[in-house]
Amino acid sequence: MTPTVLPMTGNVGAEIINADVRNDEHWPIIRQAFIEHSVITIRAQDITPDDHIAFAQRWGDINVNRFFTPLDTHPNIAVVLKNPEDTSAIGEMWHTDHSYDTAPAMCSILHAIDLPPYGGDTCFSSQYAAYDALSDSMKTFLGGLNAWHSSRHAFGAATTDHEQYQGGRLHNAEKATQDALHPVVITHPLSGRKAVYVNPDFTTHIEGLAKEESKALLSFLFAHCQNPDFQCRVRWQEGDITMWDNRALWHKAINDYAGHRRYMHRITVEGCALSA
Ligand code: SIN
């Protein structure tokens, strides 16, 4: 069977059916769909953790997340878990994976192992579309700015009383020492398109602005960048792989399945330093 790529919206996202991530002949189609749509959901992948790793390595070296507790047998795979008794979901605030690193992960590859009977979708927002919708004057202003991103407030020592640390879903709080400065608008290293690159979870302030100026500008951008017109929503089925481009998107795990378990495996792939 030949894979079929079905766009989810006019701005972002595609579903791919009849594909197998292990199949060399399907690889160019999957790669092209990822470049064009920024997030792809490859349906029904009956694969092992080793297959997941091999698929990730087609894209580049694996970047092991320091804070997510790994799979016992495969330290390269991060577990994304919510138990029936947990109240919080990992990644439930809009964010970009690893923006606190100087060379943020280029993509994340999530495999759905065990899903709740309803809910637990993941939303994505295109930061290409967010940039394109800004006025020319705002684009020029933002083009000269850089912003700081940090892991400290999200994963550091002050957060270890949180359920996700207490329940063992996160670890290594002492490794939350990263702050990174990135352009507020980046030029995507693969597509050459401009994208807004600040996010509500990890961006702390804009360099060179007064505290209140930075707060007001980030608050405008955080509201602007989550316009539903820029979004798509992945409704998971067991076995699906969704992979997304961290330089072009925000994402958010929807926490609407209280009392049920959701269990995923995630691999992040190395990226590079970003420029304006
Ligand atoms: C994440 O933020 O990487 C997790 C997304 C999800 O669980 O849907």
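Whatever order the structure lists ligands and atoms in, that order sets their numbers, starting from 1.
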Pull out every atom of ligand 1 sitting under 4.0 Å from any heavy atom of [X], numbered as shown with elements.
X: Trp244; answer: 3 (O)
X: Leu110; answer: 5 (C), 6 (C), 7 (O), 8 (O)
X: His251; answer: 1 (C), 2 (O), 3 (O)
X: Thr122; answer: 6 (C), 8 (O)
X: Val80; answer: 7 (O)

request  = Using a 4.0 Å heavy-atom cut-off, say whether Lys252 meets ligand 1 through its side chain, its backbone, both or neither.
outcome  = neither
task = Answer with yes or no whether the hydrophobic clustering places Trp236 together with Ile90; edges join I, L, V, M, F, W, Y residues whose side-chain heavy atoms lie under 4.5 Å apart.
result = yes
ask   = Are any of the N or O atoms of Trp236 closer than 3.5 Å to those of ligand 1?
value = no
message = Is it the case that ligand 1 has an N or O less than 3.5 angstrom from some N or O of Arg266?
response = yes
request  = Just say parallel, tilted or perpendicular for the rings of His98 and Tyr100, cut-offs at 30° and 60°.
outcome  = parallel
key: Phe155 and Phe67 aromatic ring geometry - parallel, tilted or perpendicular at 30°/60° bounds   = parallel
message = For Ile206, is there any backbone N or O sitting under 3.5 Å from a side-chain donor or acceptor partner on Asn146?
response = no
key: Heavy-atom nearest neighbour in the protein, as seen from atom 7 (O) of ligand 1, with distance rounded to 0.1 Å   = Arg262 NH1, 2.8 Å
ask   = Do Trp59 and Trp27 have ring centres separated by under 6.0 Å?
value = yes
task = Kindly give the heavy-atom pair with the smallest separation between Val269 and Ala56, and that separation in Å.
result = CG2-O, 3.8 Å
key: Salt-bridge contact Arg22-Asp50 (side-chain N to carboxylate O under 4.0 Å)   = no
